[in-house]
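Below is one structure, written out as structure tokens; the observations come after it.
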Amino acid sequence: MRSGAEHMRKKLAASITGLVLAGSVTCLNFTLTAQPARHVPSTLRLITREVSLGKPHPGEIKYSRVISSDDKHIAYSVKTNDGEFVVVDGVAGKTYTSIPRYPLTEAGIKQQIIFSPDGRRVAYVAKQGEKSLVVADGKEGAKYDRIAVGAPNFSPDSRRLGYFAERGEKTLAVVDGIESKPFDYGSSSAPIFSPDSRRVVYMARHGKQTHVVIDGVELVEPEYVSDPEFSKTGKRMVYMVVRQEQWRVVTDGKEGKPYSGFGNNIEFSADEKHVLYRANTPAGQAIVVDGVENNSRPVIEENSYGFSPDGRHVAYIAWDSRDEQYVVVDNKNGKVYEDVGTPIFSPDSKHVSYEAWRGGKMFVVTDGVEGETFDEINDYFRFSPDGKRMVYLAKRGGREFLVVDGAATAYDEVLDFKFSPDSKRLFVKARRGNTLLMSLEGEPPKEFELTPPKQGESREDYHFQMAFSPDSNRTAYVLRRVGKDFVVLDGSEGKPYDEIDDLQFTADGMHVVYTARRNGKLVVVVDGVESREYDDFVSGASLRLEGPRTIGLLVTRDNEILRVEIAIAE
């Protein structure tokens with residue numbers, strides 16, 4: 001919720017300006033309680049395949065574990081008396097003098113081992129004596145005087161690899177094993193691949209001049225150049241250059257009009273047809289779309305500007321000379337308020353909404369129409385998937401209100417809410433007194449008695465997960481009662497567990513899947529049928545659905561790391 005203090009801080013700031021697995025197989029058979037025949041069969045089997053990735057090696061370096069993005073592979077480094085080596089999926093690599101790493105800091109851990117986006121490849125920097133080299137898929141690259149920790153950068157399609165390396169006092173870009181001509185240093189951490197993986201870009205500095213190098217060709221020699229940004233498919237590219245204190249945006253190789261400065265962001269529309277940025281003008285600041293300036297305003301708030309989903313509209317926040325704010329949509333000024341929130345477009349791009357503040361009260365403005373006033377309004381309000389409906393949270397007089405399509409309903413506390421995929425129904429979890437209400441539009445709310453928390457304790461029964469099936473016809477949610485979690489599926493309560501997580505429907509909506517813990521063990525539950533027991537997930541891993549009938553896990557049992565695939569059979 002936004003408060004008056006936050007409002008004043010904002011003003012002050014603005015004024016400053018399908019896998020094949022080998023291993024053991026188990027098949028569990030259960031007869032289920034009768035459910036609607038169109039959704040759940042009377043008998044369901046979980047066929048489990050497990051692949052051992054080995055037990056952790058003695059000497060594993062703390063914080064070195066890395067999991068691939070698909071949660072199927074694991075790698076870590078191990079230190080021995082002879083040096084260090086990397087273990088990938090239980091297989092130890094060659095021993096080197098060291099596998100360099102940065103120390104743990106407040107900023108977190110910089111990965112020393114890098115998986116490719118598809119999870120099938122792995123690369124890292126190794127030290128052999130005084131030299132550094134990149135090891136990719138077990139194959140050694142050339143040796144250099146220095147390569148930064150975590151330097152290897154895979155292309156989005158996982159086929160290409162690039163990094164910067166130093167030889168003597170010069171830096172080289174190494175892409176697909178081919179060295180560039182030497183330069184003094186690079187201004188980015190590694191060569192940047194385009195989203196389609198076909199192009200590679202980096203900045204190279206020769207003396208005082210910075211060059212943009214695209215596919216090995218040096219394009220410009222400005223005093224300063226920013227890191228290039230690609231559109232989502234890589235078809236378009238933008239970056240900023242500075243010459244003699246004049247700033248220009250270079251779009252697809254074409255330089256735009258000079259300005260005295262720009263904002264932080266350059267934005268592409270979702271369809272990649274349009275580009276916008278904020279520029280400093282003699283009259284103040286202006287949003288520039290495809291090289292055409294909007295009207296200048298005294299101040300345009302940073303990070304408030306963006307395209308509608310269809311790319312046809314632009315909205316942002318501006319300040320007037322009296323230090324008040326208004327929203328600009330398609331270069332037209334909205335009404336002036338003491339404060340406004342960042343404008344949000346509906347998914348269909350037909351509507352725009354934002355919060356506004358006047359006289360100590362807040363309200364939502366949609367398409368220029370002011371809604372009901374409240375003391376506070378939650379920053380995160382939502383349109384329905386089809387863009388025709390809107391919901392948000394508000395406070396007034398010590399109570400919380402859920403505002404749906406402009407109508408406010410009072411609760412003591414609103415815990416969460418979610419639209420169905422077809423936008424027709426809203427699921428709400430809320431509290432009135434010691435009664436928990438689970439409400440689904442079109443049906444009477446279900447009421448559950450809450451146990452009042454002891455002094456200093458939080459309500460454990462506030463744990464909330466909720467899922468709609470993709471066709472919006474089925475619902476499932478998790479409730480907590482007397483220290484136990486249970487799933488309510490289509491109105492029927494399931495078996496209690498110590499903890500339930502990862503609640504979701506399969507893509508076809510036929511099955512509900514979740515993980516559950518009981519007596520310190522982890523199981524996967526599908527329509528009430530339990531998988532084999534495991535000790536826990538490998539740290540950082542989670543349940544993943546790999547299709548309407550396949551579940552993937554990376555777990556441990558008896559200190560052994562297992563890659564698990566569970567097939568749902570009917």
* Given ring pair (Phe, Tyr, Trp, His ring centres under 6.0 Å), test Tyr477 with Phe427 step by step and report yes or no. => CA-CA 10 Å; Tyr477 55 87; Phe427 190 96; 5.1 Å; yes
Run the salt-bridge test on [X] and [Y] with the 4.0 Å N-O cut-off and return the result as yes or no.
{"X": "Lys94", "Y": "Glu84", "answer": "no"}
{"X": "Lys79", "Y": "Glu60", "answer": "no"}
{"X": "Glu570", "Y": "Arg549", "answer": "yes"}

* To do: Among residues two or more places apart or on two chains, list those pairs meeting salt bridge (Lys or Arg N to Asp or Glu O under 4.0 Å) that have a residue in residues 164-176.
  => Arg146-Glu166, Arg160-Asp176, Arg167-Glu179, Lys170-Asp184
* **salt bridge (Lys or Arg N to Asp or Glu O under 4.0 Å) contacts in which one or both residues fall within residues 111-127, not counting sequence neighbours** =>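 Qualifying pairs: Arg121-Asp137.
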* Using the side-chain contact (heavy atoms from CB on, under 4.5 Å) rule, pick out the option among Val525, Thr506, Ile566 that qualifies with Val513. => Thr506
With distance as the sole test, does [X] use its side chain to make a donor-acceptor pair with the main-chain N or O of [Y] at under 3.5 Å?
{"X": "Ser155", "Y": "Ser197", "answer": "no"}
{"X": "Arg480", "Y": "Gly483", "answer": "yes"}
{"X": "Asp485", "Y": "Val478", "answer": "no"}
{"X": "Asn265", "Y": "Glu267", "answer": "no"}
{"X": "Ser64", "Y": "Ile61", "answer": "yes"}
{"X": "Arg474", "Y": "Gly509", "answer": "yes"}
{"X": "Ser231", "Y": "Arg236", "answer": "yes"}
{"X": "Arg557", "Y": "Glu533", "answer": "yes"}
{"X": "Asn153", "Y": "Gly162", "answer": "no"}
{"X": "Arg544", "Y": "Asp70", "answer": "yes"}

* Ring-face cation contact, Phe417 with Arg382, 6.0 Å cut, 45° max ->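 The answer is yes, since Arg382 meets both limits relative to Phe417.
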* Does the pair His511 and Gln504 meet the rule for a side chain to side chain donor-acceptor pair (under 3.5 Å), with working shown? -> CA-CA 9 Å; His511 308 285; Gln504 53 197 300; over 6 Å; no
[Y] and [X] side chains, donor-acceptor separation under 3.5 Å:
{"X": "Asp502", "Y": "Thr515", "value": "yes"}
{"X": "Tyr96", "Y": "Glu140", "value": "yes"}
{"X": "Gln112", "Y": "Ser77", "value": "yes"}
{"X": "Tyr534", "Y": "Glu50", "value": "yes"}
{"X": "Thr233", "Y": "Glu272", "value": "yes"}

Spacing of [X] atom [atom1] and [Y] atom [atom2] [to the nearest 0.5 Å]:
{"X": "Thr171", "Y": "Lys181", "atom1": "OG1", "atom2": "NZ", "value": "14.0 Å"}
{"X": "Leu133", "Y": "Lys139", "atom1": "CG", "atom2": "NZ", "value": "15.0 Å"}
{"X": "Ile568", "Y": "Leu46", "atom1": "CD1", "atom2": "CG", "value": "7.0 Å"}
{"X": "Phe193", "Y": "Phe230", "atom1": "CZ", "atom2": "CZ", "value": "10.0 Å"}
{"X": "Asn264", "Y": "Ser226", "atom1": "CG", "atom2": "OG", "value": "11.5 Å"}

* side chain to side chain donor-acceptor pair (under 3.5 Å) evaluation trace for Ser52 with Glu560 -> CA-CA 7 Å; Ser52 174; Glu560 184 179 19; 2.4 Å; yes
If every non-hydrogen atom of [X] is compared with every non-hydrogen atom of [Y], which pair is closest and at what distance?
{"X": "Val225", "Y": "Tyr239", "answer": "CG2-CD1, 3.6 Å"}
{"X": "Val125", "Y": "Pro100", "answer": "O-CD, 3.2 Å"}
{"X": "Val526", "Y": "Leu44", "answer": "O-CD2, 4.1 Å"}
{"X": "Thr342", "Y": "Ser304", "answer": "CG2-O, 3.9 Å"}
{"X": "Leu276", "Y": "Gly306", "answer": "CD2-C, 4.1 Å"}
{"X": "Ile67", "Y": "Ala541", "answer": "CD1-N, 3.7 Å"}

* To do: Evaluate side chain to side chain contact (heavy atoms under 4.5 Å, CB included) for Phe262 paired with Met240, printing each intermediate quantity in order.
  => CA-CA 9 Å; Phe262 294 123; Met240 293 184 293; 3.3 Å; yes
* Which residues pass the ring-ring contact (aromatic ring centres under 6.0 Å, His included) test with Phe154, sequence neighbours left out? ->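 Phe154 satisfies ring-ring contact (aromatic ring centres under 6.0 Å, His included) with no other residue.
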* With sequence neighbours excluded, residues passing side chain to side chain contact (heavy atoms under 4.5 Å, CB included) with Pro385 ->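 With neighbours one apart ignored, the set is Phe419, Ser423.
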* Taking only residues two or more places apart in sequence or in another chain, which ones pass side chain to side chain contact (heavy atoms under 4.5 Å, CB included) with Val87? ->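 Result, side chain to side chain contact (heavy atoms under 4.5 Å, CB included) vs Val87: His57, Tyr76, Val78, Phe85, Ala92.
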* To do: Please step through salt bridge (charged side-chain N to carboxylate O under 4.0 Å, His left out) for the pair Glu530 and Lys495, ending with a clear verdict.
  => CA-CA 11 Å; Glu530 294 182 4; Lys495 185 177 180 179; 3.3 Å; yes
* Would you say the ring centroid of Phe164 lies under 6.0 angstrom from that of Tyr202? ->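 That pair passes the under 6.0 Å test.
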* Check against salt bridge (charged side-chain N to carboxylate O under 4.0 Å, His left out), Glu546 and Lys72 -> CA-CA 11 Å; Glu546 299 178 340; Lys72 291 184 177 181; 3.7 Å; yes
* **Evaluation steps, salt bridge (charged side-chain N to carboxylate O under 4.0 Å, His left out), between Glu130 and Lys143** => CA-CA 10 Å; Glu130 297 299 318; Lys143 293 182 174 65; over 6 Å; no
* **Among Asp536, Asp498, Asp535, side-chain hydrogen bond (donor to acceptor under 3.5 Å, both in side chains) partner for Lys521** => Asp535
* **Exceeds 12 heavy-atom contacts within 6.0 angstrom, atom NZ of Lys418** => yes
* Asked: Residues two or more places apart in sequence or in another chain: which of them pass side chain to side chain donor-acceptor pair (under 3.5 Å) with Thr97?
  -> none
* Worked verdict on Tyr63 versus Gln111 for side chain to side chain donor-acceptor pair (under 3.5 Å) -> CA-CA 9 Å; Tyr63 303 124; Gln111 290 184 357; over 6 Å; no
* Asked: Given the rule in the salt bridge (charged side-chain N to carboxylate O under 4.0 Å, His left out) test, do Asp71 and Arg563 qualify, once you have shown the distances and angles that lead to the verdict?
  -> CA-CA 9 Å; Asp71 281 358; Arg563 183 194 301 146; over 6 Å; no
